[in-house]
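Right, one structure below, let's go through it.
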2 protein chains.
Amino acid sequence: MSSTPESIAGAPLTQAERTALSDRSMIDAAIELILEHGTEKTTLKAIGEKAGYSRGLATYRFGSKAGLYDAVCKSISRRWLDYLKAGVGDKTGIEAMGAALDAFYKFVTESPREARVLQILYCGAASPKSEYRETSANIHQKQQDDVADWVRAGQAERRIRGDVDPQSVAAQYIAYISGITYLWLINPDAVDFRKANDDMKLHLELSLSPEAKGD
Amino acid sequence: MSSTPESIAGAPLTQAERTALSDRSMIDAAIELILEHGTEKTTLKAIGEKAGYSRGLATYRFGSKAGLYDAVCKSISRRWLDYLKAGVGDKTGIEAMGAALDAFYKFVTESPREARVLQILYCGAASPKSEYRETSANIHQKQQDDVADWVRAGQAERRIRGDVDPQSVAAQYIAYISGITYLWLINPDAVDFRKANDDMKLHLELSLSPEAKGD
DNA sequence: ACTCACTTGCTTGTCGACAGCAAGTATCTT
DNA sequence: AAGATACTTGCTGTCGACAAGCAAGTGAGT
């Protein structure tokens, strides 16, 4: 009976390859199932079996349901950061903020499933005793700090008015993205991402550019 | 043996009064427990017993855990709408949007527990099969429509530039409130609500008022 | 105003499903 | 071959849900 799952295709896998494969499979299965049933109604048994393993592997590997969701969260976040990096490059100021909105739109349209699941997980992190709350808080904090840096750089180049507080602008910007994604999640038809982002870009221009009244 | 829970205080209660009392008690208990443990780790047994009843009453009365959370969501929403009405009155345009931000700040500072729980419940509504998703979607949609009306009224009075789309501005505005509340929830120290709202008001002024360049 | 049939509020017994754990088996590694 | 590591299976306590039962409230007929 040499037809173990791995050896069917030929060469046997190393231990490292086996764990990498089962990790990937279970994270993918989790994404699929969260999309369909949400985080609460998705069971570890369903995840393990959909990935082609036993009901117990997910717990064994990730320690707990929250541990698995934390891994999924980090996995999708990495993908999103790739989009972000590719879109923004080393732009700064209003330009960077506009490019990030475009990157986000691209992420949502090209990988809507990942985007949805990421937002669902972020929402789960809002619960008082969520075990991956730190993960969400750190990601949001880092993104907010990056935006604040863009604003500061823009101010240094005199392309953003000097009397705005970078941290506050960044908070507002991140809040918009988080909020619009939530609205899209609970009522996809009610949100026109393209239009909302274009309007946001216009408003950023109007409220941040130094040419306007004041400053 | 006339010392039933109700008759201790004197007059016996009517059926309607009894349900009103137990409903209220259970909703209050749920708010308390959600604050402490989140929605998932709060049990119906704990809610019923904290309210002074049996483990089974919550299920019996609200049908399911989701049914109870739906009731809590609606209960807190009503309170928030009171704040909103009192703060905005019949203002319109940018003024109304500023007043709503002030009302929201007041709600968050005066009833932080309710505000937190409401946001936690909204987050729970993001899950694909959440049974109170409709409730959240409706509330957000209605608020967005109200804001759009303020914008239209402001445009009619020539106090808001005519070339912005009311629906889009409203979406952006609601997204900001939703997003900043989420950020506050997962990391309360990182959000200065007062400052963020003041900045938001300034940016609304800059991007919506017709005196600026263009239009 | 008393009572008896009926309704409604609430509790308790029970069940299937779940997350998590520990002990066991199969597969790699040296 | 023998140890290490990937994975499975047996088990337990707890959960939400349901249904049957109990107790308190209600109202029509006398």
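A, B, ... follow the sequence lines: proteins, then strands. Residue 1 opens every chain.
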Using whole Å, what does the distance between atom [atom2] of nucleotide [N] and atom [atom1] of [X] come to?
X: A:Glu40; N: D:dG16; atom1: CD; atom2: C1'; result: 12 Å
X: B:Tyr53; N: D:dA24; atom1: OH; atom2: C1'; result: 13 Å
X: A:Lys41; N: D:dC15; atom1: NZ; atom2: C1'; result: 14 Å
X: A:Glu17; N: C:dT29; atom1: CD; atom2: C1'; result: 13 Å
X: B:Arg24; N: C:dG9; atom1: CZ; atom2: C1'; result: 19 Å
X: A:Lys45; N: D:dC11; atom1: NZ; atom2: P; result: 16 Å
X: B:Leu21; N: D:dG25; atom1: CG; atom2: P; result: 13 Å
X: A:Met26; N: D:dA6; atom1: CE; atom2: P; result: 11 Å

- How are the rings of B:Phe107 and B:Trp80 set to each other: parallel, tilted or perpendicular (split at 30° and 60°)? tilted
- Ring geometry between A:Tyr182 and B:Tyr122 (parallel below 30°, tilted from 30 to 60°, perpendicular above 60°):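 Because their plane-to-plane angle lies in the 30° to 60° range, the rings of B:Tyr122 and A:Tyr182 count as tilted.
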- In plain terms, say whether A:Arg78 and A:Asp82 are close enough for a salt bridge, that is, a side-chain N and a carboxylate O under 4.0 Å apart. no
- Is any side-chain N of the basic residue among A:Asp102 and A:Lys106 closer than 4.0 Å to the acidic one's carboxylate O?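 Looking at A:Asp102 and A:Lys106, the cut-off is not met.
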- Proximity to DNA chain D (any heavy atom under 4.0 Å), residues of residues 59-72 of chain B only: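 Within residues 59-72 of chain B, the residues near DNA chain D are B:Ser64, B:Lys65.
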- Answer yes or no: are there more than 12 heavy-atom neighbours, outside A:Lys201 itself, under 6.0 Å from its atom NZ?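 Atom NZ in A:Lys201 is packed in, count exceeds 12.
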- Nucleotide nearest B:Arg18 (side chain, heavy atoms from C-beta), chosen from C:dC10, D:dG16, C:dC18: C:dC10
- Task: Consider the side chain of B:Ser54, meaning its heavy atoms from C-beta on, and name the nucleotide among C:dT11, C:dG20, D:dG16 that approaches it most closely.
- Result: C:dT11
- N/O donor-acceptor pair, side chain B:Arg55 with base D:dG16, under 3.5 angstrom: no
- Task: May I ask you to decide if A:Ile177's main-chain N or O and A:Thr181's side chain share a donor-acceptor pair within less than 3.5 Å?
- Result: yes
- Message: Using only atom types and a distance under 3.5 Å, with no angle test, would you say the side chain of A:Asn197 pairs donor to acceptor with the backbone of A:Leu101?
- Response: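 Checked: pair present.
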- Query: In residues 118-131 of chain B, what residues come within less than 4.0 Å of DNA chain C, judged by heavy atoms?
  - Reply: none
- Starting at the 5' end of DNA chain C, which residue's closest nucleotide do you reach first, B:Leu57 or A:Thr42?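 That would be B:Leu57.
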- Message: With side chain to side chain contact (heavy atoms under 4.5 Å, CB included) as the test, pick out the partner of A:Pro128 among B:Thr42, B:Ile120, B:Leu185, B:Leu35.
- Response: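 With A:Pro128 as partner, B:Thr42, B:Ile120, B:Leu185, B:Leu35 yield a single side chain to side chain contact (heavy atoms under 4.5 Å, CB included), made by B:Ile120.
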- Query: Tell me, which pairs form a side chain to side chain donor-acceptor pair (under 3.5 Å) where one or both residues lie in residues 30-40 of chain A, sequence neighbours left out?
  - Reply: A:Glu32-A:Arg113
